2 protein chains.
Amino acid sequence: MDPVACYCANARRAALALTAAYDEALARHGLKVTQFSLLRAVERHGAPNLTALAGATGLDRSTLGRNLRLLEAQRLVTLSPGDDQRDRVVALSRAGRSRVRAAARTWAGVQEALGRALGEDAERLVAITRRVTALLPVEAA
Amino acid sequence: MDPVACYCANARRAALALTAAYDEALARHGLKVTQFSLLRAVERHGAPNLTALAGATGLDRSTLGRNLRLLEAQRLVTLSPGDDQRDRVVALSRAGRSRVRAAARTWAGVQEALGRALGEDAERLVAITRRVTALLPVEAA
DNA sequence: TGGCGATGCGGGTATATGCCCGCGATGGAT
DNA sequence: ATCCATCGCGGGCATATACCCGCATCGCCA
């Protein structure tokens with residue numbers, strides 16, 4: 001049926017499909033799923049600086065910086081200088097927190113629907129993608 | 001451990017990690033894994049036109065057009081007008097075919113290493129990502 | 001056969017992503 | 001106290017991705 005079971009191509013395509021689905025649902029909150037995820041990451045880690053947050057999210061530091069500036073323009077996060085003048089400390093604004101709370105309800109609905117549709121594969125999806133993520137940076141080292 | 005088992009965020013991160021790994025391996029062929037996958041898709045489908053290829057790959061048509069123009073600049077594919085003057089028919093050039101053949105050996109090495117590292121999860125990864133991909137466009141309809 | 005809806009595509013705009021380079025701030029070694 | 005290696009970051013460049021709009025072409029139908 002398929003001579004090309006490329007792990008990467010399949011993962012990319014599934015990620016794009018999931019992204020489109022979540023994006024559509026989150027659109028009424030003015031957020032894309034990438035932005036929602038980033039806001040959640042900031043909420044969880046309250047990043048001391050961009051490099052640390054980059055490590056936590058697996059994103060490139062410069063990517064992170066640009067994405068955060070878009071959220072800053074929406075007044076959802078603040079980027080302030082830290083004690084170390086080199087750092088930029090990231091934090092959710094009040095508006096950011098309430099936006100995340102509102103969007104999280106929509107997000108949970110999508111999660112739930114997908115979880116029902118996928119059954120046991122839902123947990124497997126999370127387990128395997130995490131395993132892949134954890135495995136690969138090690139390969140590079 | 002993790003209050004946020006977002007299917008999308010996990011899938012995106014795994015896809016990025018996989019992309020980085022394949023990209024690094026394919027770099028010596030002057031290809032990114034997205035380009036390699038696209039060349040393979042053209043080879044498989046011998047696309048009648050961009051819209052059909054977009055449907056086959058799950059990519060947006062305009063994305064596909066731009067990506068193909070980069071490959072055209074490398075003389076790896078040709079974009080020629082079809083009988084229907086609206087169509088742009090895509091085909092691999094001779095250089096494209098040989099580039100794909102060479103890169104495919106490197107690709108197979110990465111596949112094999114990942115398959116060994118992941119064990120049974122490798123097949124599950126493919127099965128589940130395909131299921132997700134197949135499921136989601138239907139949700140939208 | 002003339003016209004209009006449908007189709008295929010490119011380009012504009014916006015976001016996401018990563019690499020590399022250079023600049024400025026730090027901090028430890030001398 | 002000075003100086004250099006290190007660290008954190010922004011910006012430039014390239015690619016990937018998607019949406020929308022407008023243009024050209026087609027095909028069908030009256």
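Chain naming here is simple, since letters A, B, ... match the order of the sequence lines and numbering starts at 1 in each. This structure is a prediction, so every number in the text was calculated from the model and none was measured.
Rounded to an integer number of Å, the gap from A:R61 CZ to C:dC23 C1' is 12 Å. A:E72 places its CD atom 13 Å from the C1' atom of D:dG10, with the value rounded to the nearest Å. Here D:dA16 presents its P atom at 17 Å from OH of B:Y22, a figure rounded to the nearest Å. The CD atom of A:E24 sits 14 Å away from the P atom of D:dA18 (whole-angstrom rounding). In this entry the distance linking CG of A:L136 with P of C:dG18 reads 13 Å, nearest Å. The distance between atom CG of B:L53 and atom P of C:dG10, rounded to the nearest whole Å, is 12 Å. Across the protein-nucleic acid pair, A:L71 atom CG and C:dT15 atom P stand 10 Å apart, rounded to whole Å. Put simply, CG on A:L64 is 14 Å from C1' on C:dT15, counting in whole angstrom units.
Using a 4.0 Å heavy-atom cutoff across all strands shown, A:R88 reaches sugar-phosphate atoms only and no base atom. Residue B:D60 is in base contact, counting any heavy-atom pair closer than 4.0 Å across all strands shown. At a threshold of 4.0 angstrom between heavy atoms, the contacts of A:T63 include nucleobase atoms, whether or not backbone atoms are also involved.
Between the side chain of A:D87 and the main chain of A:V89, no donor-acceptor pair closer than 3.5 Å is present. Remark: side-chain polar atoms of B:T129 are paired, donor with acceptor, to backbone N or O of B:V126 under 3.5 angstrom.
For B:R66, taking side-chain heavy atoms from C-beta onward, the closest of the listed nucleotides C:dG12, D:dG11, C:dA16 is C:dG12. Residue A:L50 places its side chain closer to D:dC9 than to any other of D:dC20, D:dC9, D:dT17. Distance from the side chain of B:R86 is smallest to C:dG8 among C:dG8, C:dA16, D:dG10. Listed candidates were C:dG11, D:dT15, D:dC26. Nearest to the side chain of B:D84 is D:dC26. When distances run from any side-chain atom of B:K32 to the nucleotides D:dC20, D:dA16, D:dT25, the shortest one goes to D:dA16.
B:C6 has its side chain within reach of A:Y22: a pair of non-hydrogen atoms, C-beta onward, lies under 4.5 Å apart. With contacts defined as side-chain heavy-atom distances shorter than 4.5 Å, the pair A:L59/B:L16 qualifies. Residues B:T78 and B:L92 fail the side-chain proximity criterion, which asks for heavy atoms closer than 4.5 Å. Residues A:K32 and A:L26 fail the side-chain proximity criterion, which asks for heavy atoms closer than 4.5 Å.
For C:dA16, one of the phosphate oxygens OP1 or OP2 lies less than 4.0 angstrom from a side-chain nitrogen or oxygen of A:T34. Checking the phosphate oxygens (OP1, OP2) of C:dT17, a side-chain nitrogen or oxygen of B:R12 falls inside 4.0 Å. Using a 4.0 Å cut-off, no side-chain N or O of A:R13 falls inside it from OP1 or OP2 of D:dT17. Contact check, A:Q35 against C:dA16: a side-chain N or O comes under 4.0 Å of OP1 or OP2.
Residue-to-nucleotide proximity on DNA chain D shows that, of A:A20 and A:S62, the 5′-proximal contact is made by A:S62. With the nearest nucleotide of DNA chain D identified for both A:T51 and B:N67, A:T51 has the one nearer the 5' end.
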